[in-house]
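Right, one structure below, let's go through it.
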Amino acid sequence: CVAHGFRGQKVLARMLEKHRELYQDRYRLLITSISAENPRSIAAHVRAGFTILHSFADDTWSLLLWDWNK
């Protein structure tokens, strides 16, 4: 979701932190799914605090979890 010209500027990390700021008082975690064909996105989410909850056997999707209570 981050255009090539803006990569490396921590745009995703800032967006995710804002999301946490806005919603952590209502929710305790965030779950997302990311295509296995997008390893940059998976790596960026893991750097932001997500953990890989499950990778599907056919290697098409991974579920990631961000526990805001940690």
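Position 1 is the first residue of the sequence, and the numbers go up from there.
Hydrophobic clustering (side-chain heavy atoms under 4.5 Å, transitive across Ile, Leu, Val, Met, Phe, Trp, Tyr) groups W68 together with L16. Follow the hydrophobic side-chain contacts under 4.5 Å out from L30 and you never reach W61; the two are in separate clusters.
One distance of note links NE2 of H19 with OG1 of T32; it measures 9.0 Å at 0.5 Å rounding. A distance of 10.0 Å separates CD1 of I31 from CG of L64, quoted to the nearest 0.5 Å.
Residues F6 and H4 place their aromatic rings such that the two centres sit no closer than 6.0 Å.
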Which atom pairs, one a donor and one an acceptor, fall under 3.5 Å between side chains of residues 34-50 and the rest of the protein, sequence neighbours left out?
residue : atom : partner : partner atom : Å
S35     : OG   : E37     : N            : 3.1
N38     : OD1  : S41     : N            : 3.2
S41     : OG   : H45     : ND1          : 3.4
H45     : ND1  : S41     : O            : 2.7

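Under a 4.0 Å N-O distance rule, the pair E21/K18 qualifies as a salt bridge.
Looking at R28, its side chain never comes within 3.5 Å of a backbone N or O of N69 through a donor-acceptor pair.
Counting heavy atoms from C-beta outward, L63 and F56 have side chains that approach closer than 4.5 Å. By the 4.5 Å heavy-atom criterion applied to side chains, L65 and L29 are counted as neighbours.
Note on ring orientation: taking the six-membered ring where Trp is involved, the planes of Y23 and Y27 are tilted (angle from 30° to 60°).
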